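This report refers to the structure that appears directly beneath it.
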Amino acid sequence: MEPEKLWKSVLGELELAVSPTYYNTFFPSTKITKIENESIEIFCQNNVSKEILQQRYSKDIKKLIKDRTGQEFDIIFTTKNSVDQGKFITDAPLFGNKNTSTVREQDLEQSRHTSTNTPLKETVSNGLVKEYNFQNFIVGPNNRLAYTVAKTVAENPGNSYNPFLIYSGVGLGKTHLLHAIGNEIFKNHPDYKIVYCTGQEFLNDLMEALQNTRTNGGTIRDFKKRFTDIDVWLIDDVQVIAGREATQEEFYFAFNHLYLSKKQIVLSSDRHPSEIKKLHERISSRFNMGMVADVQKPDVDVRTAILRNKREDLGIDIDNETLDYIANNINSNIRELEGAFTQVVTYAKAMNIKANISAAKQALNNSIVTKEEKNIKPNKVVREVCEYYHLETREVKGPRRTKEVVLPRQIIMYLLKEINQLPLMEIGVLLGNRDHTTVMYGIGKIKSELKNDNFKIKKDISIIKEIILDK
Ligand code: ADP
Ligand code: MG
């Protein structure tokens, strides 16, 4: 079948399956550009479209192509200017890879703070914090879509995704991205009027203006003017305006005005617009007109990358092992991760010791012990490991010694020692009456894999631990 016909037929079916907004945004201009023995290359118009197709539709596309050709192809998505992409940390193993620069852009333009205290953020005249930029934003599976859209918006304000709304839990990078967009636009268009404000500031200013209107008159008009006479509006934590009548009214007015004049609007919220209670439907539906992207909690790779980046930026002497320890143990959010890093460094400095793993253990004693204190039941460890590897618990307790069972069994041994601090004998009994020497061997095996930077096992264990300690 000709590539063109094949793709047309695939698109025909996708169009029926995908929501129209998605289809019209991401699928037009896609085409098959190469078919080789086992792979098909699909051209996407831009990075966002590429990311979306790759993340959400590659399986479907693969299947639809197989239905039509009878052959299983690898699907490769590309864009014209793929050299311009940010550097993502998708598959690159981080552990044992000394060159952390693969995950960040090289051009650090600013001189960095060397202080280990929370640095005073330097703001430029428009209220933007210079240190929140794209160069020091680590991209991973958890935030790739938000990052890619943010970059696109910054390169083409008002003309790509408008409005653009980022939502996530606390400390996951919304404010950072909003400022990064503002800073980037400011760099390219110093004449643009860029306004950054939080929903709370908007609300407070309005209240003040309303108050002044009663006393002096006139200032509500100034207020209106302030939020309509701009090129880029960045509103952080917009959810706070919900439930406030006057505020939503004014917000709606400003929003519409800017939107209709094709001015870029970027918002952040702590949840999806449809989940914000008491937010007027007409406002939430406007948020959905452009692009909505979420940011998830970072996995251990991203957390490690963030810490390594921070170490380089601040020029601090702290080894990989210690950073891994912090990254493995602090999984709530990035703000806390950064806080833990600062704690360790400050602690080591104050005690005049090296910032190594033992210093980290001492400094973070409280935050980490509380997690491990949680009195986790040994059976839970067995269950979660089995679930992770799709095994029945009776399989790890049984006699089988194939690879698929042995590794999970040894990981269970290792975790029962590490988390539950069970004696070897007890671990043996729990795992189908195995001898304590077998348990000792198993734990040793896992330890040596970890020591040798077995990336896969390191990651598996880290994820399993997260599941066990989180629940
Ligand atoms: P939010 O606004 O979602 O609560 P912030 O943007 O304030 O979160 O992020 C909290 C801290 O984590 C900030 O210091 C920010 O620079 C940092 N941070 C968040 N995401 C990243 C990332 N992907 N790479 C580097 N630093 C990040
Ligand atoms: Mg914030």
Side-chain angles (χ1 to χ4, degrees), residues 14 18-30 42-61 75-82 84-92 103-105 132-157 159-182 184 234 236 238 264-275 287-299 301-303 305-306 333-334:
L14 279 169
V18 174
S19 89
T21 327
Y22 260 70
Y23 187 84
N24 294 329
T25 316
F26 302 117
F27 288 87
S29 322
T30 52
I42 294 168
F43 166 82
C44 310
Q45 200 178 13
N46 53 41
N47 283 331
V48 181
S49 150
K50 181 182 141 190
E51 292 299 327
I52 291 274
L53 262 65
Q54 208 158 21
Q55 273 179 30
R56 307 200 183 176
Y57 301 107
S58 65
K59 257 204 207 125
D60 295 334
I61 292 173
I75 313 292
I76 301 162
F77 298 93
T78 69
T79 56
K80 244 190 328 230
N81 46 0
S82 50
D84 290 336
Q85 289 174 45
K87 295 171 187 75
F88 301 135
I89 64 164
T90 41
D91 304 322
V103 295
R104 47 186 288 248
E105 293 180 12
Y132 290 153
N133 52 48
F134 285 123
Q135 284 75 34
N136 61 15
F137 189 83
I138 303 294
V139 186
N142 60 313
N143 58 21
R144 187 175 310 133
L145 178 62
Y147 169 86
T148 315
V149 176
K151 276 284 248 190
T152 310
V153 163
E155 278 155 21
N156 213 349
N159 290 317
S160 46
Y161 300 97
N162 203 17
F164 169 39
L165 183 143
I166 308 167
Y167 73 98
S168 80
V170 292
L172 295 177
K174 296 182 294 294
T175 298
H176 190 131
L177 278 176
L178 252 60
H179 284 267
I181 293 172
E184 186 75 16
L234 310 160
D236 210 353
V238 70
Q264 182 68 48
I265 302 169
V266 185
L267 313 117
S268 88
S269 159
D270 67 352
R271 66 201 72 182
H272 190 275
S274 62
E275 309 263 286
F287 289 169
N288 279 313
M289 287 186 319
M291 180 67 169
V292 175
D294 65 340
V295 177
Q296 295 289 329
K297 275 187 174 187
D299 64 18
D301 292 352
V302 175
R303 297 202 299 271
I306 287 173
N333 65 51
I334 300 173

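Note that the structure is predicted; figures quoted are calculated from it, not measured.
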Study note, to complete from the structure: Between the CG atom in Leu172 and the CD1 atom in Ile166, the distance rounded to the nearest 0.5 Å is 11.5 Å
Review point. For Ile265, does its backbone N or O pair with a side-chain atom of Asn162 as donor and acceptor, under 3.5 Å?
Key: yes
Review point. What is the distance from atom CG of Asn133 to atom CG of Leu177, rounded to the nearest 0.5 Å?
Key: 11.0 Å
Practice item. Go through the structure and list residues passing ring pair (Phe, Tyr, Trp, His ring centres under 6.0 Å) with Phe164, not counting sequence neighbours. Key: none
Review point. Which value, rounded to the nearest 0.5 Å, describes the distance between Thr148 atom OG1 and Leu145 atom CG?
Key: 6.0 Å
**Study point:** Derivation and outcome, side-chain contact (heavy atoms from CB on, under 4.5 Å), residues Tyr167 and Leu267
**Key:** CA-CA 8 Å; Tyr167 73 98; Leu267 313 117; over 6 Å; no
Exercise for review: Please check if the side chain of Arg303 supplies one atom and the backbone of Pro298 the other of a donor-acceptor pair under 3.5 Å.
Suggested key: yes
Practice item. Would you check if Tyr132 and Thr175 make a side-chain contact, meaning some heavy-atom pair closer than 4.5 Å? Key: yes
Exercise for review: Only counting residues at least two apart or in another chain, list the ones meeting side chain to side chain contact (heavy atoms under 4.5 Å, CB included) with Asp60.
Suggested key: Leu14, Tyr57
Check your understanding: Can you find a heavy atom in the side chain of Pro273 that is under 4.5 Å from one in the side chain of Leu165?
Key -> yes
Practice item. Mind checking side-chain hydrogen bond (donor to acceptor under 3.5 Å, both in side chains) for Asn142 and listing every partner two or more places apart, or none if nothing turns up? Key: none
Review point. In Å, rounded to the nearest 0.5 Å, how long is the span from OG of Ser274 to CZ of Phe287?
Key: 12.0 Å
Practice item. Could you tell me which residues satisfy side-chain hydrogen bond (donor to acceptor under 3.5 Å, both in side chains) with Ser168, sequence neighbours excluded, listed by chain and number? Key: Lys174
Exercise for review: Tell me, please, which residues at least two apart from His176 pass side-chain hydrogen bond (donor to acceptor under 3.5 Å, both in side chains).
Suggested key: Asn136
Exercise for review: Side-chain contact test, heavy atoms from C-beta onward, threshold under 4.5 Å: evaluate it for Pro141 versus Val302 and give yes or no.
Suggested key: yes
Check your understanding: Does the side chain of His272 come within less than 4.5 Å of Val292's, by heavy atoms?
Key -> yes
Revision key, fill the gap. Closest non-hydrogen contact found for Ala293 with Ala146 is CB-CA, 3.9 Å
Check your understanding: Considering all heavy atoms of both residues, which atom of Ser160 and which atom of Val153 are nearest to each other, and what is their separation?
Key -> OG-CA, 3.6 Å
Check your understanding: Is the shortest heavy-atom distance from the side chain of Ile76 to the side chain of Ile42 under 4.5 Å?
Key -> no
Check your understanding: Cys44 and Phe77: which non-hydrogen atoms are nearest, and at how many Å?
Key -> SG-CD2, 4.0 Å
Practice item. First locate atom NE2 of His179, then atom CG of Leu234, and finally report the distance between them rounded to the nearest 0.5 Å. Key: 8.0 Å
Check your understanding: Should the ring pair Phe137 and Tyr147 be called parallel, tilted or perpendicular, given that the plane angle runs from 0 to 90° and is split at 30 and 60?
Key -> parallel
Exercise for review: Look at the side chain of Gln264 and the backbone N and O of Tyr161, then say whether any donor-acceptor pair between them is shorter than 3.5 Å.
Suggested key: yes
**Study point:** Rounded distance (nearest 0.5 Å) linking atom CD of Glu155 with atom CD1 of Ile181
**Key:** 11.0 Å
**Study point:** Ser268: partners by side-chain hydrogen bond (donor to acceptor under 3.5 Å, both in side chains), with sequence neighbours left out
**Key:** Asp236
